[in-house]
Number of protein chains: 2
Amino acid sequence: MMTANRPYKLVLDRLNGVGLRPTRQRLGLARLLFEGCDRHVTAEQLHGEALSADLRVSLATVYNTLNQFTEAGLLREVVVEAGKSYFDTNTSEHHHFFLENTGRLEDIPGDHLVVQSLPKAPVGTRIARVDVIVRLVEDASPATAPFCD
Amino acid sequence: MMTANRPYKLVLDRLNGVGLRPTRQRLGLARLLFEGCDRHVTAEQLHGEALSADLRVSLATVYNTLNQFTEAGLLREVVVEAGKSYFDTNTSEHHHFFLENTGRLEDIPGDHLVVQSLPKAPVGTRIARVDVIVRLVEDASPATAPFCD
DNA sequence: CGCAGTCTTTAGAGTTCTTCCAGATTGTTG
DNA sequence: CAACAATCTGGAAGAACTCTAAAGACTGCG
Ligand SMILES: [Mn+2]
Ligand SMILES: [Mn+2]
Ligand SMILES: [Zn+2]
Ligand SMILES: [Zn+2]
């Protein structure tokens, strides 16, 4: 669209950086994932985007690629609903809003949310990750009188 | 084992309280769920327990019952892994440890954990629930050499 | 009681999401 | 460019549910 080579180079470096062979499919998927702003996608979604972008790739390869990228630390998997995985291009520590109506997953902006006084992990274990999911539902009345919390 | 009637009465009242007809299956499952301490079970697990306890019940009924109990507020569903639901007999507000190795889900004791400065929900939405999952992994090597990032 | 109407259970089929498989293709190395 | 391992692919398989249709269980009423 605006660029043809430079960004290619960037994702190429990223693949090389984690030791994944830069195949046509992986490069294409990586561009879809990493060339824009941060995203939260499902495998089906990404597969659809790939096909729209004329990147021929099977769904199995999309799953393989998402899992490989996750193992390599380029993505992070977020579980919000039984039976559906989201892959997050933002791998830094952060938490999520989940819009139950639409199924959209969004980052909670800034450093708003803080988890305090985490108990220590039981003996023999250590904390691998803390996930906070704030589940949102559509507000009942649209334009109502103000409402005191 | 130790009691035969009294506890039956308790779960019976509980079913009546939420307007669910006290069938053999629902009573049996309710006893397994509510007569001991708080639990976090999957449908398959509970089905296995039911069979062991000589309660003949199909897996479909276990799913139906868990979903009905959840709708009725007797249980709460917790999602920790894509493709697997846990049902929690503790319906009060609390958070969880998830032991990734064993697949066990446990309550975080006391009021240890606090989520602070939750951002306000985006317009048109309201917060339905906040889930915190602390993922634990088996502690690797106890004393390893330090490692610079 | 005895039957009707309604709710519940069930086996098995269907769905959805994801992984596996085995043969074909591609990327890399020399 | 040949050789070989890594990768890709469509379709089959798997896992976790959900639905369907028919049989069975409760309940209220006569
Ligand atoms: Mn995965
Ligand atoms: Mn459910
Ligand atoms: Zn995110
Ligand atoms: Zn719990």
Side-chain angles (χ1 to χ4, degrees), chain A residues 8-9 11-32 40-51 53-72 74-75 77-87 103 105, chain B residues 8 11-30 32 40-51 53-72 74-75 77-87 103 105:
Chain A
Y8 239 107
K9 179 67 165 49
V11 298
L12 210 178
D13 289 345
R14 193 132 35 156
L15 292 186
N16 286 326
V18 297
L20 288 172
R21 216 140 85 165
T23 65
R24 181 172 55 78
Q25 290 83 346
R26 291 213 273 236
L27 272 171
L29 294 174
R31 295 192 64 184
L32 289 172
H40 303 85
V41 299
T42 65
E44 280 287 358
Q45 252 170 54
L46 185 62
H47 186 229
E49 288 180 26
L51 297 187
D54 271 311
L55 170 65
R56 257 175 314 88
V57 63
S58 73
L59 184 56
T61 297
V62 173
Y63 274 106
N64 287 341
T65 303
L66 287 171
N67 286 328
Q68 289 156 351
F69 284 8
T70 301
E71 268 168 53
L74 303 181
L75 290 176
E77 192 174 354
V78 183
V79 176
V80 283
E81 282 188 312
K84 195 178 255 177
S85 284
Y86 287 74
F87 293 86
L105 187 68
Chain B
Y8 239 106
V11 298
L12 209 178
D13 289 346
R14 190 127 44 151
L15 290 187
N16 286 326
V18 298
L20 288 172
R21 232 187 225 176
T23 64
R24 180 172 55 80
Q25 290 83 345
R26 291 212 275 235
L27 273 171
L29 294 174
L32 289 173
H40 303 85
V41 299
T42 65
E44 280 287 358
Q45 251 170 53
L46 185 62
H47 186 229
E49 288 181 26
L51 297 187
D54 270 311
L55 170 66
R56 257 175 316 87
V57 63
S58 74
L59 183 57
T61 297
V62 173
Y63 275 107
N64 288 341
T65 303
L66 288 171
N67 285 328
Q68 290 156 350
F69 285 7
T70 301
E71 268 168 53
L74 303 181
L75 291 176
E77 192 174 355
V78 183
V79 176
V80 284
E81 282 189 314
K84 195 177 257 176
S85 285
Y86 286 75
F87 293 86
L105 188 68

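Numbers restart at 1 for each chain; the letters A, B, ... are given by sequence-line order, proteins then strands.
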**Q** First locate atom OH of B/Y63, then atom OG1 of B/T42, and finally report the distance between them rounded to the nearest 0.5 Å.
**A**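 Between B/Y63 OH and B/T42 OG1, I get 7.5 Å after rounding to 0.5 Å.
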**Q** Rounding to a whole Å, what distance do you find between A/N16:CG and C/dG27:P?
**A**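 The answer, rounded to whole Å, is 13 Å.
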**Q** Got a second to check how far B/S85's OG is from A/E81's CD, nearest 0.5 Å?
**A**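 B/S85 OG to A/E81 CD: 10.0 Å, rounded to 0.5 Å.
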**Q** Polar pairs (N or O, both sides) under 3.5 Å between protein and nucleotides 13-17 of chain C?
**A**
from, atom 1, to, atom 2, distance (Å)
C/dC17, O3', A/G83, O, 3.3

**Q** Let me spell it out: for each of A/A82 and A/T65, pick the nucleotide of DNA chain D with the closest heavy atom. Which residue's pick is nearer the 5' end?
**A**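 Comparing both residues, the 5'-ward one is A/T65.
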**Q** How close or far is atom C1' of D/dG10 from atom CG of A/L51, stated in whole angstroms?
**A**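 The answer, rounded to whole Å, is 14 Å.
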**Q** Nearest heavy atom decides the nucleotide; on that basis, is B/L59 or A/T42 closer to the 5' end of DNA chain C?
**A**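 Taking each residue's closest nucleotide, the earlier one in sequence belongs to B/L59.
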**Q** Measure CD/B/E81 against P/D/dA15 and give the value in whole Å, please.
**A**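 Those two atoms, CD and P, are 14 Å apart.
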**Q** If you round to the nearest 0.5 Å, how far is CG of A/L74 from CZ of A/F87?
**A**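 The CZ atom of A/F87 sits 12.5 Å away from the CG atom of A/L74.
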**Q** For residues 19-30 of chain A, which side-chain N or O atoms pair as donor and acceptor with protein atoms under 3.5 Å away, sequence neighbours left out?
**A**
from, atom 1, to, atom 2, distance (Å)
A/T23, OG1, A/R26, N, 3.2
A/R24, NH1, A/R56, O, 3.4
A/R26, NE, A/R21, O, 3.0
A/R26, NH1, A/Q68, OE1, 2.9
A/R26, NH2, A/R21, O, 3.2

**Q** From CG of B/L29 over to C1' of C/dT10, roughly how many Å is that when rounded to an integer?
**A**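 Distance, rounded to whole Å: 14 Å.
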**Q** OP1 or OP2 of D/dT18 sitting under 4.0 Å from any side-chain N/O of B/N67?
**A**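 For D/dT18, OP1 or OP2 has a side-chain N or O of B/N67 closer than 4.0 Å.
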**Q** I need the minimum non-hydrogen distance between B/H47 and B/S58, along with the two atoms involved.
**A**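 Looking at all heavy atoms of both residues, the shortest contact is NE2-C, 3.8 Å.
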**Q** What are the two closest non-hydrogen atoms of B/V57 and B/A50, and how far apart are they?
**A**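 Heavy atoms only, the tightest pair is CG1-CB, 3.6 Å.
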**Q** Measure CZ/A/R24 against P/D/dC8 and give the value in whole Å, please.
**A**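 Result: 9 Å.
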**Q** Rounding to an integer number of Å, can you tell me how far A/L15 CG sits from D/dC8 P?
**A**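 To the nearest whole Å, that distance equals 10 Å.
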**Q** Mind listing the closest non-hydrogen atom pair of B/Y86 and B/H40 along with its distance?
**A**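 Answer, listing the atom of B/Y86 first, then B/H40: CD2-O, 4.3 Å.
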**Q** What is the distance, to the nearest angstrom, from the NE2 atom on A/H47 to the C1' atom on D/dG11?
**A**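 From A/H47 NE2 to D/dG11 C1': 14 Å.
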**Q** Measure all distances between protein nitrogen or oxygen atoms and nitrogen or oxygen atoms of nucleotides 5-8 of chain C, and list the pairs falling under 3.5 Å.
**A**
from, atom 1, to, atom 2, distance (Å)
C/dC7, O4', B/R21, NH1, 3.3
C/dC7, O4', B/R21, NH2, 3.3
C/dT8, OP1, B/R26, NH2, 2.2

**Q** Could you measure the distance from the CG atom of A/L32 to the OG1 atom of A/T65? Nearest 0.5 Å is fine.
**A**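 The OG1 atom of A/T65 is 11.0 Å from CG of A/L32, to the nearest 0.5 Å.
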**Q** Taking the nucleotide of DNA chain D with the closest heavy atom to each, which residue, B/A43 or A/N64, is nearer the 5' end?
**A**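 Per heavy-atom nearest nucleotide, the more 5' residue is A/N64.
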**Q** Any chance you could measure B/L66, atom CG, to B/E77, atom CD, to the nearest 0.5 Å?
**A**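 Those atoms lie 9.0 Å apart.
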